[in-house]
Amino acid sequence: MPLVLYNTLGRTANEFIPCRAGEVGFYGCGPTVYNYAHIGNLRAYVSHDLLVRLLRRRGYTVKHVMNVTDVGHLTGDNDEGDDKMVRSAEERGKSVLEVAAFYTDAFFHDTERLNITRPNVVCKATEHIDEMIALVKRLETNGFTYRSGGNLYFDISRFPRYGELARLKPDELKAGARVSIDGNKRNPHDFVLWFTKSKFENQALVWDSPWGRGYPGWHIECSAMSMKYLGEQFDIHAGGIDHIQVHHSNEIAQSEAATGIHPWVKLWFHNEFLVLNKGKMSKSSGGFITLQNLVDAGYAALDYRYFLLGGHYRSQLQFSYESLTGAQNARKSLLGSLRHLAEKQEGVLPSVDGAVCGKAAEHLVLFDTALDDDLSTPKALAALWGLLKDTDVPPGDALRAAFQMDTVLGLDLAKELAILLDAPVQIRGDCAEIETAIAERAAAKKAKDFTKADAIRTSLKAKGIILEDSPQGTTWRVE
Ligand code: AMP
Ligand code: ZN
């Protein structure tokens, strides 16, 4: 069965076919680092992670790029309000870069706790100003810009496809159809490419540009950085549904107007919101829950990941502590079942990359079919439970299939099991081979042959074996 994914562009679910065989370019809009991520934001990043893991399980080489917004994002996506970073820095009595560094670290601490695989490229807006200026220059050369009130704007009247992603109606696009707060705009949907003195006299970070000293509009960073790392056309662009209307519509307009390539991105992947008591959770409203709040309340970060797996990424998910407790209990009982199976195996676990056969394979097919159906994690979880409850499946086969499922679910089952068993989880058949490879790598490192050392690590990684170095030596675990 082919992998079928829903595409916001066109609003249909189709077989996923990448631009280049075997490779996937994936860009997910990253955090604006003016505050902690709330658990709604983290839903977005878990969704990206699940899709990337699934694509890798399907054999694709995925290049995952994520930006970190540390300049230019205003409190309103339509160029309205204050700069989020500047406001946060003022409130905290810190510099913008200090605030950005602090919350970037906090963000990656959260994503690690949620077992989100780190993107291949993490790129900061402030380190890509040259690329943004170069892109805006292309837009200017192609005739898509105008200057007004000191800013440089994108002129949507020059881009007839504007609003295709958001399905904006023609009358919504007419100039003056909606009162714009920014009187410099010819059309309310026009947006800033480059700000100069017209806004925020006290802007902390400014750069020289052909349009004066200033700073970029928010949207240009994602176009500039995604194309820098993935090329002028790529496969998947991800973000929360709130970005369809403005941010992603603007990204498409800028990118396609600059390159002339349509479609810029083949598939738009949008996650629905995590909601609290039917209301949206938002950073700016202040009333938000962080991952640390959940940990402080006695939950493991992976309980939250399990909770998220229970909802389809395109459905709204209502958060409550009762539901989180349900997820916590379910994860506990999942690990209990695995422990039971491992004890029958006397703690020696089968290899994750070994073939799954017999009845276990039938459950794995159900699991894969669920994920191929637009990443249906609730059905995939049900397949995992079906496997564990099936007493006809030999324990070794069940464990092997469960670990294979976990390469997408990301519940870190082997590691969690090792903690429960209070012993490192060993993999039958592969142990000697892995230990030999670790010794070879240590020898290579000692001889300063880092190319060989890295090659050994990479070849083990390809088999799902992760090496962890510490002052005590190197240990390994199943990915
Ligand atoms: P931000 O840091 O505000 O740019 O948001 C980071 C990501 O979280 C974006 O992809 C948003 O679309 C997404 N997001 C924001 N709020 C929620 C929510 N309550 N549930 C799910 N995703 C969200
Ligand atoms: Zn973006």
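Whatever order the structure lists them in is the order used to number ligands and atoms, beginning at 1.
- The shortest N/O to N/O separation between L274 and ligand 1 falls below 3.5 Å.
- Backbone and side-chain nitrogen or oxygen atoms of G239 are examined, and none is located within less than 3.5 angstrom of a nitrogen or oxygen of ligand 1.
- Among heteroatoms of the N, O or S kind in H247, NE2 lies nearest the Zn ion (ligand 2).
- Considering backbone and side-chain N/O of W218, none are found under 3.5 Å from N/O of ligand 1.
- Under a cutoff of 6.0 Å and an axis angle of 45°, R331 and Y306 do not form a cation-pi pair.
- Within ligand 1, the atoms closer than 4.0 Å to a non-hydrogen atom of N271 are 21 (C), 22 (N), numbered from 1 in the order shown.
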query = How far apart are the C-alpha atoms of R58 and D368, what are their side-chain angles, what is the distance that settles it, and do they pass the salt bridge (charged side-chain N to carboxylate O under 4.0 Å, His left out) test?
reply = CA-CA 9 Å; R58 294 286 168 270; D368 282 318; 3.0 Å; yes
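- The aromatic rings of F307 and Y304 lie parallel to each other, their planes meeting at an angle below 30°, with 60° marking the opposite boundary.
- For the Zn ion (ligand 2), the N/O/S atoms of H248 include none lying under 2.8 Å.
- By the criterion of a heavy-atom distance under 4.0 Å, neither the backbone nor the side chain of T69 is placed next to ligand 1.
- Remark: ligand 1 atoms within the under-4.0 Å shell around heavy atoms of P31 are 2 (O).
- Note that R314 lies in the cation-pi zone of Y6, set by a 6.0 Å cut-off to the ring centre and a 45° limit from the axis.
- With H237 as the fixed residue, the ring pair (Phe, Tyr, Trp, His ring centres under 6.0 Å) test singles out one of F269, F26, Y27: Y27.
- A donor-acceptor contact under 3.5 angstrom links the side chains of T8 and H270, judged on distance only.
- At least one heavy atom of E272 lies less than 4.0 angstrom from ligand 1.
- Among the atoms of H219, no N, O or S atom falls under 2.8 Å of the Zn ion (ligand 2).
- The side-chain heavy atoms of L50 and R305, taken from C-beta on, include a pair separated by under 4.5 Å.
- Between F191 and H219, a ring centre-to-centre spacing shorter than 6.0 Å is recorded.
- Below 4.0 Å from some heavy atom of H38 lie the following atoms of ligand 1, by number and element: 16 (N), 17 (C), 19 (N).
- Both cation-pi conditions hold for R118 and F108: the charged atom is under 6.0 angstrom from the six-membered ring centre and inside a 45 degree cone around its axis.
- If you check each of G28, G40, A37 against atom 23 (C) of ligand 1, the one with the closest non-hydrogen atom is G40.
- Backbone and side-chain nitrogen or oxygen atoms of Y45 are examined, and none is located within less than 3.5 angstrom of a nitrogen or oxygen of ligand 1.
- Of all the heavy atoms of D242, the ones lying under 4.0 Å from any atom of ligand 1 belong exclusively to the side chain.
- Cation-pi check for R186 over Y153 is not met; the charged atom does not lie both under 6.0 angstrom from the ring centroid and within 45 degrees of its normal.
- The name of the N, O or S atom in E251 nearest to the Zn ion (ligand 2) is OE2.
- Residue C222 counts as close to the Zn ion (ligand 2), with an N, O or S atom under 2.8 Å.
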